[in-house]
Number of protein chains: 2
Amino acid sequence: MSTAKTRHHHGDLKRALIQAGIDLLEEGGLDALTLRKCAARAGVSHAAPAHHFAGLPGLITAISAEGFDRFSKYMTDAIEAGEQTDRERLRSICRGYLQFGLSHSGLLKVMFGEHGLGVHAPRDGRDEAEAYLILRGVCAPFVPEGEDPHIVEAQVWSLIHGFTLLYIGGEFGCTSMPIEDSPFEAVMALVDRIGTQANT
Amino acid sequence: MSTAKTRHHHGDLKRALIQAGIDLLEEGGLDALTLRKCAARAGVSHAAPAHHFAGLPGLITAISAEGFDRFSKYMTDAIEAGEQTDRERLRSICRGYLQFGLSHSGLLKVMFGEHGLGVHAPRDGRDEAEAYLILRGVCAPFVPEGEDPHIVEAQVWSLIHGFTLLYIGGEFGCTSMPIEDSPFEAVMALVDRIGTQANT
DNA sequence: GATCAAATTTGACACTGTAAAGTTAATCTT
DNA sequence: AAGATTAACTTTACAGTGTCAAATTTGATC
């Protein structure tokens, strides 16, 4: 009864449909994401997805879950690159956040969108949201004694989330890659000031 | 040849369709927004909208334009409420931003979404984006001499935009109204520190 | 009052999601 | 090992949707 590998007909249709959906999403945006097209890409009939997801919203939710997994990996990779100070780790997580948004903008919008799961929905076996725990860990050194950690977390998250969405939306002008001279450094400068003084 | 008031049959179908679209949007989210349903609400046949908008994406774009107009009014209203210091005006614009998001979450998502216009698209006669100019005006007192105003603007905008989207998305827990004890005050505390020291 | 053009309707088609019933293939039972 | 059972998938069908091309109505123009 393994849900993982060799199954009846297709092998692992569920995963194939999710991947096809992600591909369609990043190729043509949310409008291009269609149950029938996903089925066609996976090589099955158009009604097959209904046995694995609760309709199109269900597929989108599953895509969002997969997106959060990849998202977490992006951020941990950004953090684990070499030894870093607490402050540098805070910058790294933000850089990972933005990088993910640049590389997978369609996915990111879906993750926080209408049928997305959001960060706090528990997935698989993990009893809490992995992505948020990463943020929490990186913010911890900057939480004043006895203060609610949510304060610092909300500050950092709001900043980088807002910047990333505005940036990939083209609201800062070009959407191209040269992050160096973009307003990103300005936002990072503000991140650097979090937790330096009386905060509340 | 007035595009404004009394026209041939309906009177002002264009505006009626936009309003119907906004209503549908806020009632049932983006999925509920349909050309045919808008037409039905406006009392015309299903193909009538095609003569006023470039399909559903076109209607969404028009809705987004209307949304930015209302958005601007929200922020100016928040600013013009009584005499305020520069710092208080900065806080007020953020409060207006959040209030708009709370009251018109569907509209806000569309404005910055797939077929939305974004802040910088010129609309009507105005040669530049009204909403952004409001932000610019409020940020101006905090831009250091000879510095690029975009820096401060990006900081404030990223913060309040990110917080608002996360908040209406339920990422901070409850989506209800008691803003007082929410992370909003933490974000405002961070806004208060913008432009107080060496910034870049 | 006849003409003309804009605004809207009618009808049609392809595509989508979804539900029901049918078909195939793997697993289970004895 | 052979039949029964269930899961995975297909086929068929239907209601909604966007979109296009042709009528049709309506208001204005001459």
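In what follows, chains carry the letters A, B, and so on, assigned in the order in which the sequence lines appear, proteins first and then strands, with residues in each chain numbered from 1.
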Please evaluate residues B:Y132 and A:E171 with respect to the criterion side chain to side chain contact (heavy atoms under 4.5 Å, CB included), reporting the C-alpha separation (whole Å), side-chain torsions for both, the decisive distance (0.1 Å), and the verdict.
CA-CA 10 Å; B:Y132 193 80; A:E171 301 287 355; over 6 Å; no
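- Atom pair A:L30:CG and C:dG17:C1' shows a separation of 15 Å (rounding to whole Å applied).
- Whole-Å rounding puts the A:D31 CG to C:dC15 P distance at 17 Å.
- For the pair A:D12 CG and D:dA7 P, the interatomic distance rounds to 18 Å; values are reported in whole Å.
- Separating the CG atom of A:L13 from the C1' atom of C:dA26 is a distance of 16 Å, rounded to the nearest angstrom.
- With sequence neighbours excluded, the residues forming a side chain to side chain donor-acceptor pair (under 3.5 Å) with B:D148 are B:H150, listed by chain and number.
- One end of the helix from C:dG1-D:dC30 to C:dT30-D:dA1 points its axis 10° away from the other end's axis, with each axis taken from 5 pairs and the angle rounded to 10°.
- No donor-acceptor pair closer than 3.5 Å links the side chain of A:S64 to the backbone N or O of A:V110.
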Quick tally for nucleotides 10-20 of chain D: nucleotides whose base has a protein heavy atom under 4.0 Å get B, sugar-phosphate-only ones S, the rest -, giving BBBB---BBBB
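- A:S72 meets the side-chain contact (heavy atoms from CB on, under 4.5 Å) test with A:E130, A:A131, A:I134; sequence neighbours excluded.
- In this structure, OH in A:Y97 is found 14.0 Å from OH in A:Y74, a value given to the nearest 0.5 Å.
- The salt bridge (Lys or Arg N to Asp or Glu O under 4.0 Å) pairs that include a residue from residues 155-169 of chain B number zero, where partners must be two or more places apart or lie in different chains.
- Aromatic ring centres of A:F163 and A:F172 lie closer together than 6.0 Å.
- For B:P149, the side-chain contact (heavy atoms from CB on, under 4.5 Å) partners at least two apart in sequence or on another chain are B:R136, B:V143, B:E153.
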